[in-house]
Amino acid sequence: MSDKKKLLHVLRKEQAGTIPFWFMRQAGRYLPEYKELRATTKGFLDFCYSPEKASEATLQPIRRFGMDGAIIFSDILVIPHKLGMDVRFEEGHGPVLTPLTSEKNLAALKLSSMVEKLEPVYEALRLTRAKLPAETALIGFAGAPWTLACYMIEGSGSRDFQKVRLLSESNKPFFSKVIDLLTEAVSQHAIKQIEAGAEVFQLFDSWSGVLSETQFEEWVIAPAQKIVAKIKAKYPKIPIIGFPRMAGMKYVEYTKYTGVDAVNIDGSVSLSMALEKLSPLCIIQGNLDPTVLAENKDAMLKQAKKIIDIFKDKPFVFNLGHGILPHTPIENVQALSQFIKSYSLST
Ligand code: CP3
């Protein structure tokens, strides 16, 4: 079955000269059918834990645009939630958590029952795999320990995550324990997703860009290296994509030391740097700017052509530099999908 899947071929370096594509946040609020389905469940996390609905949300963009990869509809914060934290999504505010600040809070988290409580996510993966076209690869994902710790300690999103950065320096033994627990939790969640049908795994480190070089080595590279090793020990053939967002030049160290098969690059990485420094080390995925996709169709198609022209002879996966924005016109996503399919055939 896997022989039909372009995304797997490219991520396993079995084939160059063809460009598979998918988009981060390809499911969600820019699609009217998602908004309609979403309206049937009040809480966002309850929606994520409804296997039929989560599976349907995963399939919606595939039906419209025919991406080569379907990312399971879930969220990175299901890990802190099922470790026992209080996690809520407030309309217009994003996630709100009761912050983790003490040894007592940490001791209350329970790793032993987490994967059992995450069963609805694995069920959504099984349902989705059964319904996906044979040529579409199913992608599982998790937030990386640093990014999860950002939300868990800060208690919400933040511009610079100052509270968690201060704590990582002022109480390093405590912070190390948080990161170690999350490293184990993420590894277990990844392995369960693979066992439920995920054929690719992406690790989102959305807030890695706020760290200094030393902190990046400790809190981003070292945990990712352990997670990759744990997954590869059991499932050596499952490709792993790392996304140390906004890491700029630190992408090079990340790529060298974590053992990921691919990295998703964002706007902090120039295409020439990616080509010269990253492409010899791993497969590149990325990096169209989601604001251009939302706002300017002509500029977007020009940028897409430039990206493909640079990477077309390498193993390359077309994606964005970050997730699709909720106000993005469907027409633009349609035009981009068509362009990637036809342009990569004609070159
Ligand atoms: O299509 C896909 O990419 C799969 C689904 C997916 C969601 N979240 C659904 C979602 C994925 C891969 C994520 C990852 C995620 N979640 C990240 C890492 C990627 C990134 O964006 O940096 C992060 C940091 C989160 C945490 C999170 N979840 C925030 C900060 C928010 C609020 C911001 C917002 O966009 O509203 C969410 C909510 C969320 N996750 C929504 C969706 C579709 C919106 C809620 C809704 O539709 O009701």
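First listed ligand is number 1; within each ligand, the first listed atom is number 1. Quick note: numbers below take in every heavy atom, side chains included, and nothing from hydrogens, waters or symmetry partners. Everything numeric here is computed off the predicted structure, so don't read it as measured data. The first residue in the sequence is number 1, and the count goes up from there.
Inspection of the Y343 and D309 side chains reveals an N or O donor paired with an N or O acceptor under 3.5 Å. A donor-acceptor contact closer than 3.5 angstrom links the side chains of E195 and Y235. K172 and S176 are not linked by any side-chain donor-acceptor pair at a separation below 3.5 angstrom, with hydrogens and angles left out of the test. Remark: the S187 side chain and the E184 side chain contain no N/O donor-acceptor pair separated by less than 3.5 Å. Using modelled atom types, one finds a donor on one side chain and an acceptor on the other under 3.5 Å when comparing Q202 with Q285. T41 and K53 share a side-chain donor-acceptor pair at under 3.5 Å. In summary, the side chains of E169 and Q215 do present a donor paired with an acceptor at a separation below 3.5 Å, with no hydrogens or angles considered.
In this structure, W146 and F175 have perpendicular ring planes: the angle between them is above 60°, well past the 30° mark. Ring pair F73/Y34 is tilted by interplanar angle, where 30° to 60° counts as tilted.
Contact analysis leaves G143 out of contact with ligand 1, as no non-hydrogen atom separation drops below 4.0 angstrom. Within the 4.0 Å heavy-atom shell around ligand 1 one finds S74. The closest approach between any non-hydrogen atom of I72 and ligand 1 is below 4.0 Å.
The nearest heavy-atom contact from the protein to atom 25 (C) of ligand 1 is I76 CG1, 3.5 Å. What sits closest to atom 35 (O) of ligand 1 on the protein, heavy atoms only, is R29 NH2, 2.6 Å.
Taking any N or O of F23, backbone or side chain, none lies under 3.5 Å from an N or O belonging to ligand 1. Not one N or O of W207 is nearer than 3.5 Å to an N or O of ligand 1, by distance alone. In terms of N/O distances under 3.5 Å, ligand 1 is approached by H322. Below 3.5 Å of separation, one finds an N or O of D75 facing an N or O of ligand 1.
Not a single protein heavy atom sits closer than 4.0 Å to atom 33 (C) of ligand 1.
Of all atoms in ligand 1, listed by their number and element, those nearer than 4.0 Å to a heavy atom of P95 are 29 (C), 30 (C), 31 (C), 32 (C). Distances below 4.0 Å separate heavy atoms of Y34 from the following atoms of ligand 1: 43 (C), 46 (C), 47 (O), 48 (O). Residue F204 has at least one heavy-atom neighbour below 4.0 Å for each of these atoms of ligand 1: 12 (C), 18 (C), 19 (C). In the vicinity of I71, heavy-atom distances shorter than 4.0 Å reach the ligand 1 atoms 1 (O), 2 (C), 3 (O), 4 (C), 12 (C). Atoms of ligand 1 found under 4.0 Å from any heavy atom of A27 (numbered from 1 in listed order, with element): 1 (O). In the vicinity of F89, heavy-atom distances shorter than 4.0 Å reach the ligand 1 atoms 28 (N), 31 (C), 37 (C), 38 (C).
Side chains of P95 and Y151 form a contact here, defined as non-hydrogen atoms less than 4.5 Å apart.
With a heavy-atom cut-off of 4.0 Å, T58 does not touch ligand 1 at all. Proximity of F47 to ligand 1, defined as any heavy-atom pair under 4.0 Å, is not found for any part of the residue.
A cation-pi arrangement is present between R38 and F47, with the terminal nitrogen or guanidinium carbon under 6.0 Å from the aromatic centre and inside a 45° cone about the axis.
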